[in-house]
Amino acid sequence: MELEGKVALVTGAGSGIGQAIAQAMGDAGAAVCINWWGDYGPEAAQHAARLPRAFAFEADVAEAEQVAGMIQATVDRFGRLDVLVNNAAVNRSAPLLELSLADWDAVLRVNLRGAFCCLQAAARAMRDAGRGGSIINISSIHEDVPFPTFAPYAVAKGGLRMLMRNAALELAADGIRVNNIAPGAIRTPINRASTENPARMELLRQIVPQRRMGTPEEVAAVAVFLASDRASYVTGSTYAVDGGMARHAEPV
């Protein structure tokens, strides 16, 4: 129960990694606001009902007014906000020369603008409360590693790395820590096309030193650590949860 008494907001928590993080933080004693958008309302509501202290809130993370309303609703319900997990993300795939501006904008809008809107609003609430806090961005190993045919996703994650580093410096005086978690290949519904393709899974085993995909729960465990007081001297860093994938290299 290392998060007992803390309040966490997890964006994009209707499924996958976000859902696992919300569950893990609830299991660790935190009260949780489960953010959702689009088609995830029923799943988010069911997830909130399974946790002792949680509620689901619909908000578009890229709309500052909606984000402000979500944070205010969290403070109104639980009295404080200690942890933000910026997890909401979308993806589009196309060769660079065929990529539409609409798809570029859609990815950057949620993955980078949305993360900024939530970070800024949460940090203001934490600063005004005077208790500090922890902001955790779910980035990707592609904040460093190129991702052919997924340019806007990689660009957004690279931007999220620098947003984290700048925020960690600017918010340190207010006791607010900011870190990234960079998952590699994680077994989630969004990766079903890979998990159901034996050839892709064999290639994955060749480039991941641990020779397997990770689980959402393994990402969530790191998020709980970064949210806890055990990480009180940790800020400005990216934690890879990738089985060594980003360090893959072959002898020449």
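Counting from 1, the numbers follow the sequence of the chain as shown.
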*Asks:* Would you call Met25 and Val85 a side-chain contact if the rule is heavy atoms closer than 4.5 Å?
*Replies:*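 Yes, side chains in contact.
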
*Asks:* Under a 4.0 Å N-O cut-off, is there an ion pair linking Arg212 with Glu218?
*Replies:*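 Glu218 and Arg212: salt-bridged.
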
*Asks:* What distance do Arg77 atom CZ and Arg53 atom CZ have between them, rounded to the nearest 0.5 Å?
*Replies:*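 Result: 10.5 Å between the selected atoms.
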
*Asks:* Please identify each residue that fulfils side-chain contact (heavy atoms from CB on, under 4.5 Å) with Arg247, with sequence neighbours left out.
*Replies:*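 Scan of Arg247 (side-chain contact (heavy atoms from CB on, under 4.5 Å), adjacent residues dropped) gives none.
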
*Asks:* So do the side chains of Arg161 and Arg165 get within less than 4.5 Å of each other, counting heavy atoms only?
*Replies:*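 With C-beta onward as the side chain, the pair touches.
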
*Asks:* Rounded to the nearest 0.5 Å, how far apart are CD1 of Ile207 and CG of Leu203?
*Replies:*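 Output value for this atom pair is 5.0 Å.
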
*Asks:* Would you mind telling me which of Asn180, Ile181, Asn179 makes a side chain to side chain contact (heavy atoms under 4.5 Å, CB included) with Thr238?
*Replies:*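 Of the listed options, the one satisfying the test is Asn180.
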
*Asks:* So does Leu226 get a backbone contact from the side chain of Arg177, meaning a donor-acceptor N/O pair under 3.5 Å?
*Replies:*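 Answer holds: yes.
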
*Asks:* Does Tyr239 OH have over 12 foreign heavy atoms under 6.0 Å away?
*Replies:*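 Yes, the 6.0 Å shell around OH holds more than 12 heavy atoms from other groups.
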
*Asks:* Under 6.0 Å between the ring centres of Phe150 and Phe147?
*Replies:*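 Ring centroids of Phe150 and Phe147 are less than 6.0 Å from each other.
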
*Asks:* With the 4.5 Å side-chain cut-off for hydrophobic clustering, are Tyr40 and Ile17 part of the same group?
*Replies:*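 Per the 4.5 Å side-chain linkage, Tyr40 and Ile17 are not co-clustered.
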
*Asks:* Looking at Ala22 and Leu51, what are the two nearest heavy atoms and their distance?
*Replies:*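 Closest approach of Ala22 to Leu51, heavy atoms only: O-CD1, 3.8 Å.
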
*Asks:* Would Met201 and Met213 count as a side-chain contact (heavy atoms from CB on, under 4.5 Å) if you check the C-alpha gap in whole Å, the side-chain angles of each, and the deciding distance to 0.1 Å?
*Replies:* CA-CA 9 Å; Met201 290 303 294; Met213 296 185 83; 3.8 Å; yes

*Asks:* Compare all side-chain heavy atoms of Thr74 with those of Phe55 and state whether any distance is below 4.5 angstrom.
*Replies:*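 Touching, per the 4.5 Å side-chain cut-off.
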
*Asks:* Minimum heavy-atom separation for Gly243 and Pro209, please, with both atom names.
*Replies:*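 The answer is O-CD, 3.3 Å.
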
*Asks:* Do Asp229 and Lys6 have side chains that approach each other closer than 4.5 Å (heavy atoms only, starting at C-beta)?
*Replies:*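 Side-chain contact under 4.5 Å: yes.
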
*Asks:* Determine whether Asp60 and Arg109 make a side-chain contact, defined as any pair of heavy atoms from C-beta on separated by less than 4.5 Å.
*Replies:*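 Counting from C-beta outward, Asp60 and Arg109 do come under 4.5 Å.
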
*Asks:* Which distance, rounded to the nearest 0.5 Å, do you find between the CG of Leu84 and the OG1 of Thr11?
*Replies:*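 So the gap between those two atoms works out to 6.5 Å.
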
*Asks:* Residues two or more places apart in sequence or in another chain: which of them pass salt bridge (charged side-chain N to carboxylate O under 4.0 Å, His left out) with Arg80?
*Replies:*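 Only Asp82 meet the salt bridge (charged side-chain N to carboxylate O under 4.0 Å, His left out) criterion with Arg80.
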
*Asks:* Quick one: list whatever passes side-chain contact (heavy atoms from CB on, under 4.5 Å) with Glu65, sequence neighbours left out.
*Replies:*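 Result, side-chain contact (heavy atoms from CB on, under 4.5 Å) vs Glu65: none returned.
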
*Asks:* Do other residues, nucleotides or ligands put more than 12 heavy atoms under 6.0 Å from the CG atom of Asp76?
*Replies:*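 Check passes, neighbour count above 12.
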
*Asks:* Less than 3.5 Å apart, which donor and acceptor atoms pair up between the side chains of residues 115-129 and the rest of the protein, not counting sequence neighbours?
*Replies:*
none

*Asks:* Can you tell me if Ser134 uses its side chain to pair, donor with acceptor, with the backbone of Val83 under 3.5 Å?
*Replies:*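 No: the side chain of Ser134 does not pair with the backbone of Val83.
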
*Asks:* Is there a path of hydrophobic side-chain contacts, each under 4.5 Å between heavy atoms of I/L/V/M/F/W/Y residues, joining Val208 to Ile186?
*Replies:*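 They do not share one cluster, since no chain of ILVMFWY contacts under 4.5 Å joins Ile186 to Val208.
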
*Asks:* By side-chain contact (heavy atoms from CB on, under 4.5 Å), which residues pair with Ala59, not counting sequence neighbours?
*Replies:*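 Expected list: Asn35, Phe57, Gln66, Met70.
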
*Asks:* If you measure from CD on Glu2 to CZ on Phe225, what distance do you get to the nearest 0.5 Å?
*Replies:*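 The CD atom of Glu2 sits 9.0 Å away from the CZ atom of Phe225.
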
*Asks:* Could you see if Ile71 belongs to whatever hydrophobic cluster contains Val178? Use Ile, Leu, Val, Met, Phe, Trp, Tyr and a side-chain cutoff under 4.5 Å.
*Replies:*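 Shared cluster, yes.
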
*Asks:* Report the distance from atom OG1 of Thr235 to atom CG of Leu169, rounding to the nearest 0.5 Å.
*Replies:*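 It comes to 8.0 Å.
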
*Asks:* Going hydrophobic residue to hydrophobic residue with side-chain gaps under 4.5 angstrom, can you get from Met164 over to Val110?
*Replies:*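 Cluster IDs for Met164 and Val110 differ.
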
*Asks:* May I ask you to test the Asn137-Ile135 pair for a side-chain heavy-atom distance under 4.5 Å?
*Replies:*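 Side chain of Asn137 against side chain of Ile135, heavy atoms only: contact under 4.5 Å found.
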
*Asks:* Please check this pair: side chain of Glu58 against backbone of Trp37, looking for a donor-acceptor N/O pair closer than 3.5 Å.
*Replies:*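 Not a single qualifying donor-acceptor pair exists.
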
*Asks:* Considering non-hydrogen atoms only, spot the tightest contact between Lys157 and Ile138 and give its length.
*Replies:*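 That would be NZ-O, 3.0 Å.
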
*Asks:* Flag yes if Ile136 and Ile34 sit in one hydrophobic cluster, no otherwise; membership is Ile, Leu, Val, Met, Phe, Trp, Tyr, and two members link when side-chain heavy atoms are under 4.5 Å apart.
*Replies:*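 Yes.
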
*Asks:* Specify the closest pair of heavy atoms between Arg113 and Ala62, including all atoms of both residues, with the distance to one decimal.
*Replies:*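 Looks like NE-O, 2.7 Å.
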
*Asks:* Could you report the tightest heavy-atom contact between Ala156 and Leu112, atom names first, then the distance?
*Replies:*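 Looks like O-CD1, 3.8 Å.
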
*Asks:* So does Arg205 get a backbone contact from the side chain of Arg211, meaning a donor-acceptor N/O pair under 3.5 Å?
*Replies:*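 Checking the backbone N and O of Arg205 against the side chain of Arg211, a donor-acceptor pair under 3.5 Å is found.
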
*Asks:* Who passes side chain to side chain donor-acceptor pair (under 3.5 Å) against Gln210, sequence neighbours left out?
*Replies:*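 Checked Gln210 against side chain to side chain donor-acceptor pair (under 3.5 Å); zero matches.
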
*Asks:* What heavy-atom pair brings Ala151 and Leu96 nearest, and what distance separates the two atoms?
*Replies:*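 Shortest heavy-atom separation between Ala151 and Leu96 comes out as CB-CD1, 3.7 Å.
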
*Asks:* Any non-hydrogen side-chain atom of Leu160 less than 4.5 Å from a side-chain atom of Asn111?
*Replies:*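 No. Closest side-chain heavy atoms not under 4.5 Å.
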
*Asks:* Please report the interatomic distance CG(Asp103) to CG(Leu108), rounded to the nearest 0.5 Å.
*Replies:*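 Interatomic distance, Asp103 CG to Leu108 CG, rounded to 0.5 Å: 11.5 Å.
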
